[in-house]
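Written below as structure tokens is the structure these notes are about.
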Amino acid sequence: MRLGIDIGGTNTVWGLVNEQGQILDKGGIKTKAFENFPDYLNALSNSLKPTLEKHEGLKGIGVGAPNANAHTGCIEFAPNLVWGKDIVPLAESCEKEFGLKTFITNDANAAAIGEMRFGAAKGINDFIMVTLGTGVGSGFVVNGQLVYGHDGLAGELGHIIAVRDGRDCGCGRKGCLETYTSATGIVRTAEELLKQNKESLLIGQEPLNGFKIFEAALNDDPLALEIFDFTGKILGQSLADAVAITSPKMIVLFGGLAKSGKFIFDPIQKYFEQNLLKIYQGKVQIVPSQLPENDVAILGAAALVI
Ligand SMILES: [Zn+2]
């Protein structure tokens with residue numbers, strides 16, 4: 001049995017996971033409710049105490065968190081964590097607090113490990129996990145192992161340049177994939193297209209979000225379909241480029257956008273194949289995540305524990 005903890009900007013959820021990948025006990029706290037890390041850790045400890053007392057012989061703790069560095073065990077300058085904007089020694093603090101060996105990695109890597117142990121990528125040694133949420137993250141698995149790079153920070157697919165001199169990105173650069181294919185990216189596309197005075201069911205529905213665009217697409221709204229086509233084009237092209245680096249057998253898409261089914265998968269598939277180098281064509285599957293959205297990161301974090 002292992003404990004998996006998923007730290008997000010808004011919520012922290014934890015789960016007790018057995019060898020089969022079943023979550024036996026679950027809980028959480030509000031990440032945002034705490035100004036500083038000691039208060040946060042204290043609340044997490046109180047939330048976990050009854051469970052830790054009930055289950056002895058835990059093998060360890062795995063944590064998925066934004067900007068978590070597997071090499072240093074620290075969260076490093078996480079813009080979305082109120083108490084994580086500096087360097088937070090997360091693994092060391094958890095080991096002291098709970099007396100259990102603790103492993104950490106960033107949330108997208110944790111999702112990749114979850115998918116490899118229990119989901120769509122089970123038994124697949126070479127794949128790319130792409131998380132499409134508020135931001136765009138990724139985990140690259142090569143030869144059965146997660147790629148960390150020399151400093152533990154490999155796999156930032158969200159910040160490859162998808163469009164030269166394109167949209168301003170939060171990282172300070174221009175045209176990053178994230179500015180087109182994240183939850184906010186797709187809304188930016190919608191706003192740009194609406195400015196061209198096109199007819200659409202989306203007019204007057206501000207503030208827009210991915211789900212509203214999905215609903216409009218279900219009603220055959222041409223603008224919504226155009227938004228998905230454009231988004232799928234950018235993502236398909238970028239994924240085709242990524243394939244040339246690690247030659248994956250599969251690409252797993254996870255997150256809100258991936259739930260839009262054929263509206264997003266059809267254009268991704270089309271532009272992906274069009275842009276692939278011939279030697280890779282017809283060989284790489286693009287599939288949605290097979291794990292329940294709320295559990296992926298917990299399962300992946302738990303699987304970090306060796
Ligand atoms: Zn960027």
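Worth saying up front: this structure is predicted, and the values here are computed from it rather than measured. Both counts, for ligands and for their atoms, begin at 1 and track the order of listing.
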Flag side-chain contact, heavy atom, 4.5 Å: [X] against [Y]:
X    : Y    : answer
Y280 : S247 : yes
T246 : D126 : no
I128 : K249 : no

Protein N, O or S atoms lying under 2.8 Å from the Zn ion (ligand 1), listed by chain and number: H159 ND1, C169 SG, C171 SG, C176 SG
Closest non-hydrogen atom pair between W14 and S47, with its separation: NE1-OG, 2.8 Å
Non-hydrogen atoms of N109 and S138 that approach each other most closely: OD1-O, 3.7 Å
Centroid-centroid distance, W83 to F37, less than 6.0 Å: yes
